Amino acid sequence: MKHETVKPPMRTDFLPFAAPLVGDDEVAGVVECLRSGWLTSGLKVKEFEKEFAAFVGSRHALAVNSCTAALHLALEAVGVRQGDEVITSPMTFTATAAVMEHLGARPILVDVDPSSLNIDPAQIESRITPRTRAIVPVHFAGQACEMDAILEIARRHGLPVVEDAAHAIPTRYHGRLIGTLGDITCFSFYATKNLTTGEGGMITTERDEYAERMRLMTLHGMSRDAWKRYTQDGSWRYEILAPGYKYNLTDVAAAIGIPQLRRCTDFLERRAAIARAYTRAFEDLDAIQTPWVRDEAEHGWHLYVIQINPEALRIDRDVFVKKLLERKIGVSVHFIPLHIHPYYRDRYGFKPEDYPNAFGAFQRIISLPIYAKMTDADVEDVIEAVRQIADENAR
Ligand SMILES: Cc1ncc(COP(=O)(O)O)c(C=O)c1O
């Protein structure tokens with residue numbers, strides 16, 4: 001049965017697909033930091049790390065300048081080297097696999113479960129070889145992967161699990177926040193993410209030796225960080241213990257991150273309310289499949305990904321997206337699966353059908369705006385636009 005759609009006047013301004021919610025505390029924190037004279041990694045970063053570790057309940061938290069850096073450091077720390085293989089999902093951003101390439105390793109893609117669009121644990125084991133060095137599950141859209149099954153397979157094969165939690169702050173799995181389940185967890189604070197520092201990331205781990213290695217490699221492989229070198233108690237002398245990277249977060253970014261972290265549960269409440277409103281509004285539409293959710297209380301709702309039903313529509317996904325943009329609704333597609341990008345396709349000879357669930361979903365998915373800054377009117381505009389397009393183009 002179809003709801004009656006009342007055509008509202010179209011929006012006059014464009015609704016961005018994503019926008020940060022930055023308050024006075026972030027502004028004050030940055031100003032305080034600029035006035036303090038200490039701009040790079042220092043006490044603000046330490047404070048951010050401490051609060052983040054307390055929030056997710058992890059033993060260690062290490063702030064870095066992106067989730068890409070976090071993933072690179074994590075894979076290096078667990079021992080991924082030239083010629084190794086690392087298992088991950090095709091339904092992710094290139095960063096997840098690019099860092100494997102940087103280390104000379106080969107990403108081994110395992111297709112996703114068509115409901116969650118998370119890596120399908122049932123398909124992991126057959127892809128494990130003597131060269132497999134790690135498993136990297138990606139918590140797609142902010143919904144946790146089937147971690148019990150993944151961790152069980154990993155433990156049985158003696159493989160570390162590095163979680164790509166770019167979408168998953170805060171996300172729960174069986175009541176526990178993502179951040180302490182696998183061996184190392186990598187978060188993103190990119191501008192569109194649930195918690196932002198503009199650019200930034202955080203790594204959590206329970207293991208002292210991983211934390212120590214990643215801390216060393218974050219800042220040139222140097223035996224002392226800048227804070228220790230340039231303060232009164234410091235010493236100019238340092239030693240280079242490894243050819244490290246330059247992946248440290250600045251205090252300016254941490255000053256944005258601290259108040260963001262304190263509000264991230266409130267932000268989630270708002271996103272969850274938007275998700276509920278969308279699901280209620282689209283439930284009766286044959287043309288739209290709303291996201292599958294394992295547990296309402298655990299989803300981090302970084303993305304709200306609908307799938308259009310080609311049998312109920314005369315238009316394809318690309319036209320649907322174009323019509324949303326014409327109605328001034330910013331949308332996106334997460335993700336163009338890795339195996340159809342020219343680099344991965346040509347390097348590994350992938351065919352689209354090699355990962356039928358990821359490729360099938362790719363042709364139907366649209367990510368709708370979902371962020372704390374959206375007003376109720378914005379949410380209504382998205383709902384009306386989707387419903388109108390679905391109605392006007394129904395088969
Ligand atoms: C699943 C996933 N992993 C990793 C990244 C990389 O994050 P960052 O931009 O913080 O390096 C992203 C960013 O969009 C992502 O979506």
Side-chain angles (χ1 to χ4, degrees), residues 16-20 48 52 61-76 86-103 107 109-110 112 116-119 134-145 147 150 161-171 178-179 182 184-204 214 218 245-250 253-254 256-257 260-261 264 271 299-305 331-339 341 344 358 361-362 365 367 369-371:
F17 168 66
F48 188 29
F52 196 92
L62 169 61
V64 288
N65 57 19
S66 72
C67 183
T68 308
L71 290 161
H72 193 186
L73 290 164
L75 292 182
E76 201 276 340
V86 182
I87 290 174
T88 195
S89 160
M91 214 55 174
T92 189
F93 187 58
T94 181
T96 318
V99 297
M100 300 169 192
E101 301 276 339
H102 296 164
L103 292 164
L109 305 181
V110 168
V112 294
S116 63
L117 304 184
N118 274 328
I119 192 167
I135 303 176
V136 181
V138 180
H139 304 301
F140 177 80
Q143 177 156 253
C145 294
M147 290 305 291
I150 293 168
V161 172
V162 171
E163 293 166 69
D164 182 335
H167 301 181
I169 177 76
T171 285
I178 293 294
I184 303 179
T185 309
C186 303
F187 297 91
S188 173
F189 307 142
Y190 179 63
T192 60
K193 294 299 195 283
N194 294 350
L195 183 173
T196 188
T197 60
E199 299 282 357
M202 191 71 78
I203 314 175
T204 58
M214 292 188 293
T218 300
Y245 310 108
K246 185 73 200 295
Y247 283 164
N248 54 308
L249 191 75
T250 66
I256 305 171
Q260 287 272 303
L261 175 64
C264 81
R271 290 195 306 276
H299 203 305
W301 290 118
H302 171 54
L303 300 173
Y304 188 93
V305 179
V331 292
S332 190
V333 171
H334 296 87
F335 286 98
I336 304 167
L338 289 184
H339 71 291
H341 283 292
Y344 298 101
F362 167 61
I365 48 180
S367 305
I370 180 164
Y371 47 97

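Start at 1 and go down the list; that is how both ligands and their atoms are numbered. What you are looking at is a predicted structure, and each value in this text was computed from that prediction instead of being measured.
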[X] and ligand 1 - part of the residue with a heavy-atom distance under 4.0 Å:
X: Ala166; answer: side chain
X: Thr68; answer: both
X: His334; answer: neither
X: Thr192; answer: neither

If we only consider heavy atoms of [X], is any one of them less than 4.0 Å away from an atom in ligand 1?
X: Gly200; result: yes
X: Phe335; result: yes
X: Lys193; result: yes

Is the His302 ring parallel, tilted or perpendicular to the His167 ring (thresholds 30°, 60°)?
->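 Correct class here is tilted.
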Would you call the rings of Phe52 and Phe48 parallel, tilted or perpendicular, where under 30° means parallel and over 60° means perpendicular?
-> perpendicular
What distance separates Ile336 CD1 from His341 NE2, expressed to the nearest 0.5 Å?
->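 The distance works out to 4.5 Å.
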Among all protein heavy atoms, pick out the one at the shortest distance from atom 3 (N) of ligand 1; state its residue, atom name and that distance to 0.1 Å.
-> Asp164 OD2, 2.7 Å
Heavy-atom closest contact (Val331 atom, Pro369 atom, distance) =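 In terms of heavy atoms, the two residues are closest at CG1-CD, 4.3 Å.
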Closest approach of Val138 and Asn118, non-hydrogen atoms and distance?
-> O-OD1, 2.8 Å
Just wondering, more than 12 heavy atoms not from Tyr245 lying within 6.0 Å of its OH?
->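 Yes.
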